[in-house]
Chemist: 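Attaching a single structure in structure tokens format; questions to follow.
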Amino acid sequence: MSESLSPWQAGELDIHHISTGRGESTFFILPDGTTMLIDAGEMDPTNPRTTGPRSTPARPSDERLPYEWLVRYIQRVHPNPQAPTLDYAVLSHFHDDHLGMVHPLSPLAECGAYSLTGLVGVGDAFSIGTLLDRGYPTYDYPMGLEDPRLLAWLEGSSKSQEEYGKQKRTIDNYRAFIAWQQDHQGMKAERFRAGSKTQIKLQHAPERYPGFEVQNIAVNGEVWTGHNEETEKRIPPVETLRPQDMLNENLYSTVMVMQYGRFRYYTGGDIAGNVDLGEPKWVDLETPVARVVGAVDVMKMNHHGNRSSSNAFFVSTLQPRVVTQNVWCSNHPGEDVLRRHVSRYLYPGDRDLFANDMSEANRAVIGPLVDRSYASMHGHTVLRVAEGGESYRVYTVEDRDESMRVTGVFGPYEAHTGSTED
């Protein structure tokens, strides 16, 4: 194919799973032109882990930093490219492949208050209306980065202390960004509220699209019960936990479901569903999340398809027709995860899987199952839902340059999981 992706049209819902090879980022254009970004990852390009054989290459290249590629991509597809803004930015959790890490190549912002990387870099380029994360304003759950218990646990491990230092610099930089943007640009910041379906809403013409809503499902291990805005804490009280039990940042990810007419889309950061050796049972957050989410049309794989994710109950309950996967490592997906996603035992019917850049190493290890399972293994994955939410298509878009050339069109798929009743 040689045609570029056509622009968003009013009434459509566009979901861009952007491929950079250095982390996860999803850009949304909602039916009335409201814009939202979930995550903007940027791993340290000077770290051998980032550039080693287990990691995917930078896309389109390493000539720019990941946040710069994200800015350029969003500029190209934004409904108002002459004056692009982000109505919402949501940070799922505080890991570098979602937030962005401060590294030796991170430039200082023009204002001088923070360094540019990941979400901070994108937010410096585009004015953000409301920023949502799991920790604002205190950032002390399950513990602060200066908590004596954490510092005591880190003693004796130079590697852990080094990683702690990087994490603290990154979080301090992120908080400096929030403070400056609040004081000088009027940005609002809020803690993501599990159970709410009004925290994220259409900003420009909500009356035209009454069938659209975003239901917040979970954050910090607190899961919506399905009734009003009631929630249930699935992680035990902090005072009963060991520091090592609290350090699994993935568990605190934000989770939401977006509905437009009959169409439903799930995204849940890096929550886990499989309990590893020595882990407590409450690590499985996918099971309580699945109970309130139910069936969806499209889902983004939890935790990039890492072995911790996509337990059998979760997959058999959500039953997605389309699955998207952000890949940056050779264990995305785990073989067992992939087998569950394609299993007709867990649920019947066809399903199409899309990965932004499948690792050749993983493809070789897992074998032919990968080729049989994926509709596409490379490129930006763009989901376009038709006005009213009755049907949708998936477009794969070239990520090795900025042509926005469409490399594949899939569908139309009929949306069928949502109710159109009030």
Side-chain angles (χ1 to χ4, degrees), residues 39 41 43-44 47 49 91-99 101-102 133-172 174-175 191-195 217-225 231-255 268-291 302-314 329 331 334 336-337:
D39 293 337
M43 296 182 291
D44 181 356
N47 188 327
R49 173 176 178 255
L91 175 62
S92 66
H93 62 295
F94 301 113
H95 272 163
D96 58 349
D97 57 330
H98 295 261
L99 167 60
M101 174 175 283
V102 175
D133 66 29
R134 74 170 193 83
Y136 184 85
T138 56
Y139 299 97
D140 59 357
Y141 181 84
M143 65 171 74
L145 287 174
E146 297 178 356
D147 190 300
R149 293 171 300 167
L150 175 61
L151 298 177
W153 185 78
L154 290 169
E155 286 184 3
S157 172
S158 58
K159 181 178 180 181
S160 295
Q161 290 178 351
E162 180 183 359
E163 292 302 315
Y164 166 82
K166 293 178 181 178
Q167 179 75 351
K168 189 174 187 305
R169 285 193 296 274
T170 296
I171 298 299
D172 288 346
Y174 171 68
R175 296 182 69 176
R191 183 174 295 195
F192 187 92
R193 299 196 309 271
I217 303 294
V219 66
N220 291 333
E222 184 178 350
V223 181
W224 182 47
T225 64
T231 60
E232 181 181 7
K233 296 183 183 296
R234 305 295 303 192
I235 297 176
V238 169
E239 58 269 19
T240 69
L241 303 178
R242 302 172 302 171
Q244 54 266 44
D245 291 333
M246 291 186 276
L247 294 177
N248 188 347
E249 174 65 24
N250 295 325
L251 298 178
Y252 310 111
S253 294
T254 61
V255 180
D270 284 0
I271 66 166
N274 295 293
V275 180
D276 204 353
L277 296 173
E279 290 184 331
K281 292 183 178 179
W282 51 258
V283 164
D284 173 14
L285 288 175
E286 285 185 338
T287 295
V289 163
R291 289 195 180 109
N302 292 329
H303 201 186
H304 318 277
N306 182 279
R307 60 188 175 274
S308 72
S309 69
S310 301
N311 70 34
F313 180 79
F314 184 83
C329 181
N331 61 358
D336 288 348
V337 170

Chemist: Any side-chain to backbone donor/acceptor pair from N47 onto R49? Under 3.5 Å, distance only.
Modeler: yes
Chemist: Check side chain to side chain donor-acceptor pair (under 3.5 Å) between N220 and all other residues, then give those that pass, not counting sequence neighbours.
Modeler: R134
Chemist: So do the side chains of W224 and V289 get within less than 4.5 Å of each other, counting heavy atoms only?
Modeler: no
Chemist: Would you name the heavy atoms of S160 and L154 that are closest together and state the gap between them?
Modeler: CB-CD2, 3.6 Å
Chemist: Distance-only, no hydrogens or angles: does the D96 side chain make a donor-acceptor pair with backbone N or O of M43 under 3.5 Å?
Modeler: no
Chemist: Mind checking what makes salt bridge (Lys or Arg N to Asp or Glu O under 4.0 Å) contact with E232, not counting sequence neighbours?
Modeler: R234
Chemist: If I compare all heavy atoms of G144 with all of L150, which pair ends up nearest, and what's the gap?
Modeler: O-CD2, 3.9 Å
Chemist: Could you tell me the separation between the OG1 atom of T231 and the CD1 atom of I217, rounded to the nearest 0.5 Å?
Modeler: 11.5 Å
Chemist: Is any side-chain heavy atom of D97 closer than 4.5 Å to a side-chain heavy atom of H304?
Modeler: yes
Chemist: Going by side chain to side chain donor-acceptor pair (under 3.5 Å), name the residues that satisfy it together with D140, two or more places apart in sequence or in a different chain.
Modeler: T138
Chemist: Sequence neighbours left out, what passes salt bridge (Lys or Arg N to Asp or Glu O under 4.0 Å) with K233? Give chain and number order.
Modeler: E222
Chemist: Do side-chain atoms of E286 reach the backbone of S310 as a donor and acceptor pair under 3.5 angstrom?
Modeler: yes
Chemist: Residues in ring pair (Phe, Tyr, Trp, His ring centres under 6.0 Å) with H93, at least two apart?
Modeler: H95, H98
Chemist: Not counting sequence neighbours, which residues clear ring pair (Phe, Tyr, Trp, His ring centres under 6.0 Å) with Y141? List them please.
Modeler: Y252
Chemist: Please report, to 0.1 Å, the donor-acceptor pairs under 3.5 Å made by any side chain of residues 235-242, with sequence neighbours excluded.
Modeler:
residue, atom, partner, partner atom, Å
T240, OG1, P237, O, 2.7
R242, NE, D245, OD2, 3.0
R242, NH2, D245, OD1, 2.9

Chemist: Side chains of V219 and V255: closer than 4.5 Å at any heavy-atom pair?
Modeler: no
Chemist: Determine the minimum heavy-atom distance between F313 and A290, stating which atoms define it.
Modeler: CE2-CB, 3.8 Å
Chemist: Listed by chain and number, what are the ring pair (Phe, Tyr, Trp, His ring centres under 6.0 Å) partners of H303, not counting sequence neighbours?
Modeler: none
Chemist: Could I get the full list of salt bridge (Lys or Arg N to Asp or Glu O under 4.0 Å) partners for D172, not counting sequence neighbours?
Modeler: K168
Chemist: With a 6.0 Å cut-off (strictly less than), is the heavy-atom count around CZ of R191, excluding the residue itself, greater than 12?
Modeler: yes
Chemist: Do the side chains of Y174 and L91 get nearer than 4.5 Å, heavy atoms only?
Modeler: yes
Chemist: Going by the rule ring pair (Phe, Tyr, Trp, His ring centres under 6.0 Å), which residues pair with Y139 if we only count those two or more places apart in sequence or in a different chain?
Modeler: F94
Chemist: Has the side chain of S253 got a donor or acceptor atom that lies under 3.5 Å from a matching backbone atom of D270?
Modeler: yes
Chemist: If you measure from CG on N274 to CG on N306, what distance do you get to the nearest 0.5 Å?
Modeler: 9.5 Å
Chemist: Flag the pair V283 / P280 as yes when at least one side-chain heavy-atom distance between them is below 4.5 Å, and no otherwise.
Modeler: yes
Chemist: Which residues satisfy the side chain to side chain donor-acceptor pair (under 3.5 Å) test with D44, sequence neighbours excluded?
Modeler: T46
Chemist: Tell me every residue that passes side chain to side chain donor-acceptor pair (under 3.5 Å) with R149, counting only those two or more places apart in sequence or in another chain.
Modeler: D147
Chemist: Where the side chain of D133 meets the backbone of Y136, is there a donor-acceptor pair that is under 3.5 Å apart?
Modeler: yes
Chemist: Identify the heavy atoms of L251 and L285 that sit nearest to each other, and give their distance.
Modeler: O-CD1, 3.0 Å
Chemist: Where do L99 and T170 come nearest, in terms of heavy atoms and distance?
Modeler: CD2-CG2, 3.8 Å
Chemist: How long is the span from the CG atom in D276 to the CG atom in D284, to the nearest 0.5 Å?
Modeler: 12.5 Å
